[in-house]
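Beneath this line is the structure, given in structure tokens, with notes to follow.
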Amino acid sequence: MSQDKPLPFVYQFAAGAIAGVSEICLMYPLDVVKTRVQLQTGKGGGADAYTGMLDCFRKIIRNEGFSRLYRGITAPILMEAPKRAVKFSANDEWGKFYRTAFGQEKMNQSLSVLTGASAGATEAFVVVPFELVKIRLQDKASAGKYSGMLDVVAKTVRNEGILAMYNGLESTMWRHILWNAGYFGCIFQVRQLLPKADNKSSQMVNDLISGGIGGTIGTVLNTPLDVVKSRIQNSPKVAGATRKYNWAFPAVATVAKEEGFAALYKGFLPKVLRLGPGGGVLLVVFTACTDFFRKMREER
């Protein structure tokens, strides 16, 4: 991420963890709304159906209470530290690997996209169990099934087997590959276009702009995979029954056929409002943390 000499892995990990937790604490209600809208199937309406982001916010607060917007946040907070830490540290490690493999001294646009995609695939292995717990806690229909995060884990393992915690691994990998490729690829390109930062304030503005644009483009690319990932992970395994949503791209085709192409972008507005600004927050906090760690190491 930085043009300075990369920090040791432990510092990259810590900076990514702090950045991730900061972002989730600010943006989590948008994630709840996004998931609710994505899990709403079919084209029909009804009194309890959500017509959009604001309607979903209003109905959750009115019918379930404000605290419901933070239900399931324990799993994401526990996930965010390793998830974001893996994202940024893997991006740096893959960047070093590809620069060596292709004989390049510095990163370029193509290597940034390839590096981001590889970091996304790496990140997916860490986040799948946490994502499954979060999705099942956020779903309105599951509100009475689970008392909390550990209850979801216990019941899922007992009823569906230990491997069920990795339901949706394939779709999660595609989701993260596309988001990270768009995010890190855009950050590289936008940073080249912006005026060179000559102080901390202008650097922060550049990071907010490049991270925000990167987060937005990544969201445009990966939302269809995010929609089907939510549905796959919210579909319990039942002995002898074939699940409607199983593999990523067949599930994309099913949703498009039954509900129309627009259904693949359900929850897009809250998602992009979270991950656009959230991508900027991530980059600003990550850069600030790595700068702090560099200064700390130099003063030793």
Side-chain angles (χ1 to χ4, degrees), residues 1-9 11-27 30 80-81 83-96 98-99 104-120 123 176-222 269 271-299:
M1 295 298 304
S2 174
Q3 301 303 312
D4 297 317
K5 185 178 178 181
L7 285 165
F9 175 80
Y11 293 102
Q12 299 276 2
F13 191 94
I18 295 168
V21 172
S22 300
E23 189 270 344
I24 197 69
C25 289
L26 284 172
M27 303 294 186
L30 285 166
E80 282 302 309
K83 173 184 174 181
R84 302 304 187 183
V86 168
K87 176 196 293 293
F88 286 104
S89 56
N91 187 70
D92 280 326
E93 293 302 315
W94 280 113
K96 286 187 256 182
Y98 287 127
R99 285 198 304 274
Q104 298 288 327
E105 274 192 35
K106 296 182 179 180
M107 291 295 289
N108 56 43
Q109 180 69 30
S110 299
L111 286 183
S112 294
V113 172
L114 180 59
T115 296
S118 301
E123 179 188 20
H176 285 265
I177 285 170
L178 291 172
W179 197 88
N180 282 274
Y183 181 66
F184 287 111
C186 279
I187 285 173
F188 177 87
Q189 188 61 40
V190 174
R191 276 179 162 172
Q192 303 305 306
L193 298 173
L194 290 172
K196 186 173 178 62
D198 53 8
N199 55 56
K200 292 292 182 182
S201 296
S202 57
Q203 179 64 54
M204 185 175 73
V205 171
N206 283 1
D207 285 345
L208 278 172
I209 293 171
S210 55
I213 293 173
T216 300
I217 296 300
T219 302
V220 171
L221 292 174
N222 89 335
L269 183 57
K271 181 177 168 68
V272 79
L273 286 176
R274 178 196 168 187
L275 294 177
V281 171
L282 274 175
L283 190 56
V284 167
V285 177
F286 180 79
T287 303
C289 288
T290 53
D291 287 346
F292 171 78
F293 290 141
R294 280 195 183 90
K295 186 177 180 181
M296 181 182 71
R297 282 165 55 83
E298 289 169 0
E299 291 176 351

Under 3.5 Å side-chain donor-acceptor pair for S89 and D92: no
Within this structure, what is the NZ-CZ distance for the pair K271 and R274, rounded to the nearest 0.5 Å? 8.0 Å
When rounded to the nearest 0.5 angstrom, what distance separates CG in L283 from CE in M204? 12.0 Å
Between N206 and K196, is there a donor-acceptor pair closer than 3.5 Å when you use the side chain of the first and the backbone of the second? no
Checking I18 against V285 for the side chain to side chain contact (heavy atoms under 4.5 Å, CB included) test, could you report, in this order, the C-alpha distance in whole Å, the side-chain angles of both residues, the deciding distance, and whether it holds? CA-CA 7 Å; I18 295 168; V285 177; 4.0 Å; yes
CD1 (I177) and CD (E123) are apart, to the nearest 0.5 Å, by 11.0 Å
N91 and T115 have their tightest heavy-atom pair at O-CG2, 3.0 Å
I'd like to know if the side chain of E23 reaches the main chain of G279, judged simply by a donor and an acceptor atom lying under 3.5 Å from each other, with no hydrogens or angles considered. no
Electrostatic pair K295:E298 at N-O distance under 4.0 angstrom: no
Taking the side chain as every heavy atom from C-beta outward, state whether N199 and S202 have any atom pair closer than 4.5 Å. yes
CZ of R297 to OH of Y11, rounded to nearest 0.5 Å, is 5.0 Å
From L282 CG over to M27 CE, what is the distance, rounded to the nearest 0.5 angstrom? 9.0 Å
Using only atom types and a distance under 3.5 Å, with no angle test, would you say the side chain of Y98 pairs donor to acceptor with the backbone of L114? no
Determine the minimum heavy-atom distance between F286 and A19, stating which atoms define it. N-CB, 3.8 Å
Side chains of I217 and Y183 in contact at under 4.5 Å (non-hydrogen atoms): no
Atom CD1 of I213 and atom CG of L193: how far apart are they, to the nearest 0.5 Å? 8.5 Å
What pair of heavy atoms forms the shortest contact from Q203 to R191, and how long is it? NE2-NH2, 4.2 Å
